[in-house]
There are 2 protein chains.
Amino acid sequence: MPYFDAASAAPLHPVARQALLAALDEGWADPARLYREGRRARLLLDAAREAAAEAVGCRPDELVFTPSGTRALHDGIAGALAGRRRVGRHLVVSAVEHSAVLHSADALRAAGGTVTEVEVDRAGRVDAAAYAAALRADTALAALQSANHEVGTEQPVAEVAEACRAAGVPLLVDAAQSLGWGPVAPGWSLLTASAHKWGGPSGVGLLAVRKGVRFAAQGPADERESGRSPGFPDLPAVVAAAASLRAVRAEAAAEDARLRALVERVRSRVPGLVPDVEVVGDPVRRLPHLVTFSCLYVDGETLLHALDREGFSVSSGSSCTSSTLRPSHVLQAMGVLSEGNVRLSLPRGTSPEDVEAFLGVLPGVVASVREALGAPAATAPAAAPGAGEELVVDSLGKRCPIPVIELAKVIGDVPVGGLVTVLSDDEAARLDIPAWCSMRGQEYVGERPAETGVAYTVRRRT
Amino acid sequence: MPYFDAASAAPLHPVARQALLAALDEGWADPARLYREGRRARLLLDAAREAAAEAVGCRPDELVFTPSGTRALHDGIAGALAGRRRVGRHLVVSAVEHSAVLHSADALRAAGGTVTEVEVDRAGRVDAAAYAAALRADTALAALQSANHEVGTEQPVAEVAEACRAAGVPLLVDAAQSLGWGPVAPGWSLLTASAHKWGGPSGVGLLAVRKGVRFAAQGPADERESGRSPGFPDLPAVVAAAASLRAVRAEAAAEDARLRALVERVRSRVPGLVPDVEVVGDPVRRLPHLVTFSCLYVDGETLLHALDREGFSVSSGSSCTSSTLRPSHVLQAMGVLSEGNVRLSLPRGTSPEDVEAFLGVLPGVVASVREALGAPAATAPAAAPGAGEELVVDSLGKRCPIPVIELAKVIGDVPVGGLVTVLSDDEAARLDIPAWCSMRGQEYVGERPAETGVAYTVRRRT
């Protein structure tokens, strides 16, 4: 049963499992204690820290283990901001960071600080010059992911690091998605990662802080992990995390090439197999194992369930698969279609047969979802003679992808040059109506507030 | 090889190990996902929450899993304080809480709040009336452990809970040491615990917050665990924690009786086997598995190493075994001897033979440490005729137990009624010189600041 959501959580690597089992026996005691069980635990902890530091490319005393990647980001950002409190309270992030970074930014705003979110292009990449321009005299910290978790696009970390160095601003790199594939380009000041993204166990994050970077851990004091991550360490998980990081790095070059080719196959074939699909993210400068596409006129949640019934586990940034009723902030920032969104992130060892099987079922699954939703035909018919120049579609209270489907159904009812206005209170419409226009060669005129919801206006061009 | 430090970390319970292995296979995926691996993980998480909630005595939706007991305390206290920010910023704790509580109190002080530390008696117990008297109109939260982690004394949780209820103040009970033995008396508003204290894995704490208790999680937002514990959950560890809690509870009554008798054996026999020993903590209202005693004229670190060489793993609250050069705050608050301190906390399954073996080696180990340190004989000789009425011993720069040994060596050099003053800059002397006086029938006159360190004065009485 193919599982294609490694970017959420990768299945446990065999080396991680083996190391975890051994460390359950040898590493359950308190590494701060003087007796033999404690000393044994301390040896394991020290060895794990050395192995992880080597993979990260830092000194062991620069690296601490945290309970998750999220906690590494929360605690790392808070500590770095507090360490440079006297410089200022300004934070720079990209608009497509992980929610743990954006939530940290929200916490800073709530505490009176300021945040600049650097925009990204349609591939999801920040421009290094734009990022550099966001750095200010009062910037305490800059944060940038090594690669995006939803669309796989690699960020220009080396260039941004150079700009940060020139500006005297520490750069935190969120390497959660990439660390298993290789070290981050030099120049970072802080680095975070999460073990269950590379096949390590859940319950382990990494936070590396370069010597000389001002850092003031926040929250109550605790003597564990250099005072940077409170609480008794989950030593068996830490040992498993370090061992599996070393193991996946040893396999990284071969797996990178293999999975990169499988992803390329998906990227190139999906648009031919499924009509009205947008493959998003950078086609080349990307993570090897991750590909994302969106399907017009498809309800993401129904699509996921249908794929699940066929045996495929994937994730989606569509609004209707989340509790927030908002499409993924990454797709929003990129300005790409969000409806019917599917992310495949292939775990190591994914076979070509699994990918072929997925490509085999996808067209039928999408077609059946579209049929159930009453999606329109690909080409709008000519308008009836005497049709009005303007139409209003009331899609209030209807969720993605219905507003776009209703728009597509009526576009043929106005002549070329005529206008269709869609009233919608669904947040996804803001993204998906312009995306539909661009995919269908129609003109997106703009939006304006309506009595309820928002009025989105489209001019028929074809 | 007997391991007697279960209060730091208990060896993994077989049920925990078994559950962890099963959950590594079934519970590695993201429980927030819709596909089958995610749904399977969600089922495991829900079942673990129900089992843990049943053992705690709360509703499943009142309980979240945290990465450690320390994080449960840090986050629980911060959230409860913030939730009642409008009432005030006063926190009540006992003087013998776990350092995670006291560090949270320090953080509150640093942020402008106030803290009352309720004193304890020589057994380490707070007086419920004194605790009640500390509650004020601006008290946002009260915290009390169910039982002390260093000396085993049970706290009057039910009485304090009643006082808090009457005052309208939520009570947080730190049940880390006791939860494996049974539920906490009703009346608490928040409850915390730590799985590796009951034989569960490390990496799992519990935080229960009763419905209706005002709680505002601090730090960046995160949707996991009802917004109260950020980060991807360590599901295999959580499953193992819940399964082992259920298992140890099933065995609790029998193990309680068995270990209670073994501890009673240690409590009653150590004073006869080793001269100049003080067994501390409540002899009856105590944890079943924990006993602490202190040995005059003994260096705690040397004693621990000597016991380790004999195959016994124990911990100590002596200053010389910690990095802080201060004796344990618990022993300080109790006002009992801290030098040569030994804590035994017996894991489940400890055999009478293991305890007998410990009692067999202890006298020789203590005697050899004392001999190496040149400890004085038990009875002070009569002073030489014409000896001065007053003596000053300069112990500056010398660490516990040397100042007490030097005092004991010269007490015979003054006549009965004469004074000996010890100059010491060792924090332990403040505790250990009065304790020595009380154990040896001498009179502790008092302390005063000296040019360097502190002058402690003793009057010879026997």
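Bear in mind that the values here come from a model prediction, so they are computed numbers and not experimental data.
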Shortest non-hydrogen pair, B:Arg36 vs A:Phe312, comes out as NH1-N, 4.0 Å
_Within a 6.0 Å radius of atom CD on A:Gln218, are there more than 12 heavy atoms belonging to other residues, nucleotides or ligands?_
yes
Applying salt bridge (charged side-chain N to carboxylate O under 4.0 Å, His left out) to B:Arg33 and not counting sequence neighbours gives A:Asp5, B:Asp30
query = Would B:Phe4 and A:Tyr35 count as a side-chain contact (heavy atoms from CB on, under 4.5 Å) if you check the C-alpha gap in whole Å, the side-chain angles of each, and the deciding distance to 0.1 Å?
reply = CA-CA 10 Å; B:Phe4 290 158; A:Tyr35 43 71; over 6 Å; no
Most contact-rich option vs chain A, by heavy-atom pairs under 4.5 angstrom, among B:Asp25, B:Leu108, B:Leu307, is B:Asp25
Cut-off 4.5 Å, heavy atoms of chain B, and the answer for A:Ala107 is side chain
Of the listed B:Ala9, B:Ala105, B:Ala221, B:Ser194, the one with the largest count of heavy-atom pairs under 4.5 Å with chain A is B:Ala221
Report task. Tell me, with the steps shown, if A:Trp28 and B:His196 meet side-chain contact (heavy atoms from CB on, under 4.5 Å). Result -> CA-CA 8 Å; A:Trp28 52 269; B:His196 73 118; over 6 Å; no
Of A:Ala78, A:Ala111, A:Ser8, the largest count of non-hydrogen pairs under 4.5 angstrom with chain B goes to A:Ser8
If one checks every heavy atom of B:Arg39 against chain A at 4.5 Å, the contacting part turns out to be side chain
Salt bridge (charged side-chain N to carboxylate O under 4.0 Å, His left out) filter on B:Arg309, not counting sequence neighbours, yields none
One option among A:Leu102, A:Asp222, A:Asp106 has the most heavy-atom pairs under 4.5 Å with chain B, and it is A:Asp222
If one checks every heavy atom of B:Val314 against chain A at 4.5 Å, the contacting part turns out to be backbone
When every non-hydrogen atom of B:Ser202 is compared with those of A:Pro236, the smallest separation belongs to OG-CD, 3.9 Å
Starting from the C-alpha separation in whole Å, work towards a yes-or-no answer on salt bridge (Lys or Arg N to Asp or Glu O under 4.0 Å) for B:Arg71 and A:Asp234.
CA-CA 13 Å; B:Arg71 296 256 186 178; A:Asp234 187 353; over 6 Å; no
Residue set satisfying side-chain hydrogen bond (donor to acceptor under 3.5 Å, both in side chains) with B:Thr70, at least two apart, ordered chain then number -> none
Scored by heavy-atom pairs under 4.5 Å with chain B, the best of A:Gly231, A:Ser313, A:Ala100 is A:Ser313
Turns out that what part of B:Ala72 lies under 4.5 Å from chain A's heavy atoms comes down to neither
Greatest number of non-hydrogen atom pairs under 4.5 angstrom with chain B, of A:Gly311, A:Ala237, A:Pro220, falls to A:Pro220
Under 4.5 Å to a heavy atom of chain A? For B:Ser99 that would be neither
Open item on the list: Is it true that, when you exclude A:Arg85 itself, more than 12 heavy atoms of the residues, nucleotides or ligands shown sit nearer than 6.0 Å to its CZ?
Closed with: no
Side-chain heavy-atom pair B:Leu21, A:Leu21 within 4.5 angstrom cut-off: yes
Of all heavy-atom pairs linking A:Glu301 and B:Leu34, the shortest is CG-CD1, 4.0 Å
Checking heavy-atom separations under 4.5 Å from chain B, one finds in residues 342-350 of chain A A:Arg343
Bottom line for B:Pro201: the part with an atom under 4.5 Å from chain A's heavy atoms is neither
Next on the checklist: Do A:Leu20 and B:Leu24 have side chains that approach each other closer than 4.5 Å (heavy atoms only, starting at C-beta)?
Outcome noted: yes
If one checks every heavy atom of B:Arg224 against chain A at 4.5 Å, the contacting part turns out to be neither
Here the pair of heavy atoms bringing A:Pro230 nearest to B:Ser68 is O-OG, 4.3 Å
